Amino acid sequence: MAVRELDTGEREAALVGLTDWSYDSEARGIRRTFRFSDFAEAFGFMSRVAILAEKADHHPEWFNVYNRVEILLTTHDAGGLSERDISLATAIDGFA
């Protein structure tokens, strides 16, 4: 079954529960920045997220500098934000 992009109402409803994530209309996905005490803690977080992402077969776009990790979740196959992104964001929030 093909993954589909969430419509505006679905996206807004999903983001109610993801208060630390923001919709990026240009990237057609959601973003969040995480800050940690140091690089080791940030890298440990990325390792845990990588395992989640691999199990879900849905991988984030991310950027790391020292204690900061920026994540963008979007579903390229759907052309934008999908339920897969919402599920992964919810799981990631469990680590934050």
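Only a predicted model underlies this, so the values are computations on that prediction, with no experimental measurement involved.
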Nearest atoms (heavy-atom pairs only) where [X] meets [Y]:
| X | Y | result |
| --- | --- | --- |
| Gly80 | Asp85 | O-OD2, 3.8 Å |
| Arg4 | Asp7 | NH1-N, 4.3 Å |
| Pro60 | Val49 | CG-CG1, 4.5 Å |
| His58 | Leu88 | O-CD2, 3.4 Å |
| Leu52 | Ala91 | CD1-CB, 3.7 Å |
| Ala14 | Ile86 | CB-CD1, 3.6 Å |

Between Asp24 (side chain only) and Gly29 (backbone N and O only), is there a donor and an acceptor less than 3.5 Å apart?
no

Arg11 side chain to Glu5 main-chain N or O, any donor-acceptor pair under 3.5 Å?
-> no

- prompt: Is any side-chain heavy atom of Trp21 closer than 4.5 Å to a side-chain heavy atom of Ile92?
  reply: yes

Residue pairs passing the side-chain hydrogen bond (donor to acceptor under 3.5 Å, both in side chains) test with at least one member in residues 34-46, sequence neighbours excluded, are Ser37-Glu41

Going by chain and number, the hydrophobic cluster around Phe43 (ILVMFWY, side chain to side chain under 4.5 Å) further includes Phe39, Phe63, Val65, Tyr66

In this structure, CG of Leu72 is separated from CD1 of Ile30 (nearest 0.5 Å) by 8.5 Å

- Could you go step by step and tell me if Ile71 and Phe45 meet the side-chain contact (heavy atoms from CB on, under 4.5 Å) rule? CA-CA 12 Å; Ile71 298 178; Phe45 168 78; 4.1 Å; yes

From the list Leu18, Asp93, Leu73, side-chain contact (heavy atoms from CB on, under 4.5 Å) with Arg32 holds only for Asp93

Exactly one of Glu12, Arg28, Arg31 clears side-chain contact (heavy atoms from CB on, under 4.5 Å) with Tyr23, and that residue is Arg28

Quick one: do Asp20 and Phe34 satisfy side-chain contact (heavy atoms from CB on, under 4.5 Å)? Show the steps, please. CA-CA 10 Å; Asp20 294 321; Phe34 297 84; over 6 Å; no

Next on the checklist: Taking CG in Asp77 as the centre, count heavy atoms belonging to other residues, nucleotides or ligands within less than 6.0 Å. Is the count above 12?
Outcome noted: no

Applying salt bridge (Lys or Arg N to Asp or Glu O under 4.0 Å) to Glu61 and not counting sequence neighbours gives none

